[in-house]
2 protein chains.
Amino acid sequence: MDSWDDLRYFQAVAETGSLTGARKRLGVNHSTVFRRIKGLEEKLGVRLFERWDARYQLTGAGELLMVRVEQVAEAIDDVDRMILGGDQTLEGKVRITCPDGFAYYQLPPLLAEFRALYPGIEIELLADSDDLNLSRMEADIALRATNNPPEHLVGRKLMTMPWQLYGSERFAHGQSGVYTAKTLSGMPVIGPERALLRLKPMQWLEKHCSAVSIVARANTLMGMAALVKAGLGVALLPDDVADGLPPLGSLDREFQSDLWLLTHRDLRSNARVKACSQFLTERLMR
Amino acid sequence: MDSWDDLRYFQAVAETGSLTGARKRLGVNHSTVFRRIKGLEEKLGVRLFERWDARYQLTGAGELLMVRVEQVAEAIDDVDRMILGGDQTLEGKVRITCPDGFAYYQLPPLLAEFRALYPGIEIELLADSDDLNLSRMEADIALRATNNPPEHLVGRKLMTMPWQLYGSERFAHGQSGVYTAKTLSGMPVIGPERALLRLKPMQWLEKHCSAVSIVARANTLMGMAALVKAGLGVALLPDDVADGLPPLGSLDREFQSDLWLLTHRDLRSNARVKACSQFLTERLMR
DNA sequence: CGCTCTTTTTGCATTTTTGCAAATATCGTT
DNA sequence: AACGATATTTGCAAAAATGCAAAAAGAGCG
């Protein structure tokens, strides 16, 4: 594909269904549109449109191409609604990535509120269990549980989330509400699957509680929380995935994660990103 | 973004790190590259490159843009390695979508074999629990468990997969190996989460076995199978997610899914797609 | 049928882009 | 210091793309 622009013409014709429609959208002469479509079909050696009733109708091959071109167009839209010297309009998308607990519980009500304030801003919410692609920064705003955020991103610490022991009350240990590696031994514990072993509290659990009976394991904190709710046992979890469930108690060893709201340095001047991150910061710091 | 081609120049410079590198890759004059980059920076009003040591180094804004442009480029690559009048080379990608059980168990060994036969073909494997986006057909080849495939796709039925009861032997019911809604009542059953209720066997389970004690639920068949393996209970599953686990027995009511291999009509002439789908068809029909 | 709208197609003028050559600057290496 | 490689910049000519006008053809509609 030596000319990406050809696809732009193709898309315009496919979506408007006529040369004149495309002509208007692209703001060029209709013969230009005609020549580029013709050229593209010749280059590809495939008929992309069926000319019926003076309308441009996609052929099978055309539809196949259109699927890809839509993906291209969406990626281009992403380019558009970015930097561009600080887009000051309050219309368009903002993409947020966050731990899955926040995607399910904490954020939705806040985002509903936010949309009422800024009806023009469309929110794309990406639940993200792995924080690997932080350096790529494919979202505009990232909520991340980390104790030292990468330096190429800017943001602030919103809260520290304690890890506590969750589970049905029938597992309660009675006494002080403080649990140790020993007291856990008698209880059915929900443990981490390999993917979660990068988390410090989980490492501690595996190391100091080898004698504990693990009744189930999950590869996400949400999964662990779901098992807790199903009454299978107790688990060590950060507050955000608990969804209002009261904690059984805390551990003698204290764990906590810092929650950061991060954006890319060059997105700070973008009005949508600014509005959204300020709103979230303000509401989550309460 | 009125010129998609500008991004092509941007990408070439960013990846080669110099004007001359980009010049060579694009096969154009260096001043053309220079002028387009300069024009793009002016249009965006942002500096995209830092000129140090006679090298083009991306600025922060440039890196942000590059993330998006990479997505654009990948989408364009997808356009390239498509139809194009039946690509006869055996080099490039083929994208397969399939139920997650196949992605984890059945396909990997077959694909290893396939890669040995066609080292130039790169396989992209998409585990796909929802078969909604079939009409979009974002993959080249789809393996789908359905009893009536959409007519705009062509393909063939590879096998019929029975649904059987799986679980640890200690749950075995002894007698005939045939289970009914009644005999299930005494056993710990792993049920479907809402997302799985579109499957007929799961609807049957919910309807006729309301008295059954559900000990856990999952939103994917793989998740259910994982719970079965963990010994939590028994579940009704298609063979593909069982991963060699022997079935406990079958039900009095018989369930089965047909597995289809589907491709788009206009991809049949593509050599890679043909090679891959023929290979998979042949091996999976045994 | 006559009217309008759109596609299709072709010349030609105009505009834009590109290639080319040349001159200068910068940097690293020898 | 000299050299080579690359970036930067500019004028001009060549090439390519586009706009414009016009004309033929088909379809829809009253």
Side-chain angles (χ1 to χ4, degrees), chain A residues 1-63 65-66 69 72-73 76 79, chain B residues 1-63 65-66 69 72-73 76 79:
Chain A
M1 184 60 44
D2 55 334
S3 165
W4 292 9
D5 273 329
D6 278 350
L7 300 180
R8 212 159 62 94
Y9 285 84
F10 168 77
Q11 185 204 25
V13 173
E15 287 184 355
T16 63
S18 74
L19 287 190
T20 21
R23 185 203 87 89
K24 279 174 199 156
R25 182 198 289 195
L26 297 170
V28 297
N29 194 285
H30 64 193
S31 48
T32 303
V33 182
F34 173 75
R35 286 188 281 238
R36 288 200 92 134
I37 296 296
K38 195 173 141 192
L40 181 62
E41 283 184 332
E42 277 166 13
K43 264 189 281 182
L44 299 183
V46 183
R47 196 149 196 74
L48 297 171
F49 293 99
E50 214 74 73
R51 278 80 159 179
W52 282 357
D53 305 352
R55 291 228 84 80
Y56 272 65
Q57 196 73 31
L58 284 171
T59 63
E63 286 197 27
L65 179 60
M66 192 57 192
V69 171
V72 176
I76 296 270
V79 170
Chain B
M1 183 61 45
D2 55 333
S3 165
W4 292 10
D5 273 330
D6 277 352
L7 300 181
R8 214 159 61 95
Y9 286 83
F10 169 77
Q11 184 202 24
V13 174
E15 287 185 356
T16 63
S18 74
L19 286 190
T20 19
R23 184 202 88 89
K24 280 176 197 155
R25 182 198 288 193
L26 298 170
V28 296
N29 193 285
H30 64 190
S31 47
T32 302
V33 182
F34 174 75
R35 287 189 281 235
R36 287 199 92 131
I37 296 297
K38 195 172 140 192
L40 182 62
E41 283 185 331
E42 276 166 12
K43 263 188 280 183
L44 298 183
V46 184
R47 197 151 197 72
L48 296 172
F49 294 100
E50 213 74 71
R51 279 79 159 179
W52 281 355
D53 307 351
R55 292 227 82 79
Y56 271 65
Q57 196 73 31
L58 283 170
T59 63
E63 287 197 26
L65 180 60
M66 191 57 190
V69 171
V72 175
I76 296 269
V79 169

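Computed from a predicted structure; not experimentally measured. Lettering follows sequence order; numbering is per chain, from 1.
Atom pair A:Glu41:CD and C:dT9:C1' shows a separation of 15 Å (rounding to whole Å applied). One atom, NZ of A:Lys38, and another, C1' of C:dT9, lie 7 Å apart when rounded to the nearest Å. Separating the CG atom of B:Leu26 from the C1' atom of C:dT18 is a distance of 13 Å, rounded to the nearest angstrom. Look at OH on B:Tyr56: it is 6 Å from C1' on D:dA7, rounded to the nearest Å. Rounded to a whole Å, the CZ atom of A:Phe49 is 13 Å from the C1' atom of C:dT7. Look at CG on A:Asp5: it is 11 Å from P on C:dT17, rounded to the nearest Å. Atom CG in B:Leu19 sits roughly 9 Å away from atom C1' in D:dT8 (whole-Å rounding).
Between D:dA5 and B:Thr20, no contact under 4.0 Å exists linking OP1 or OP2 to a side-chain N or O.
For the residue pair A:Asp5 / A:Ser3, no side-chain donor-acceptor distance below 3.5 Å is found, with atom types taken as modelled.
Rounding to the nearest 0.5 Å gives a distance of 12.5 Å between CZ of B:Arg25 and OG1 of B:Thr20. Rounded to the nearest 0.5 Å, atoms NE2 (A:His30) and CZ (A:Arg35) are 8.5 Å apart.
Paired with B:Leu65 under the rule side-chain contact (heavy atoms from CB on, under 4.5 Å), one option of B:Val46, B:Leu48, B:Leu58 passes, and it is B:Leu48.
Annotation: of the two residues near DNA chain D, B:Phe34 and B:Lys24, the 5′-most nearest-nucleotide partner is B:Lys24.
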Scan nucleotides 17-25 of chain D against the protein and return all N/O pairs shorter than 3.5 Å with their distances rounded to 0.1 Å.
{"residue": "D:dT18", "atom": "OP1", "partner": "A:Arg36", "partner atom": "NH1", "Å": "2.8"}
{"residue": "D:dG19", "atom": "OP2", "partner": "A:Asn29", "partner atom": "N", "Å": "2.9"}
{"residue": "D:dG19", "atom": "OP2", "partner": "A:Thr32", "partner atom": "OG1", "Å": "2.6"}
{"residue": "D:dG19", "atom": "N7", "partner": "A:Arg35", "partner atom": "NH2", "Å": "3.2"}
{"residue": "D:dC20", "atom": "N4", "partner": "A:Ser31", "partner atom": "OG", "Å": "3.4"}

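Of the possible polar contacts, one joining the A:Glu41 side chain to the A:Phe49 backbone as a donor-acceptor pair under 3.5 Å is found.
The six-membered or imidazole ring of B:Phe10 lies away from that of B:Tyr56, with a centre-to-centre distance of 6.0 Å or more.
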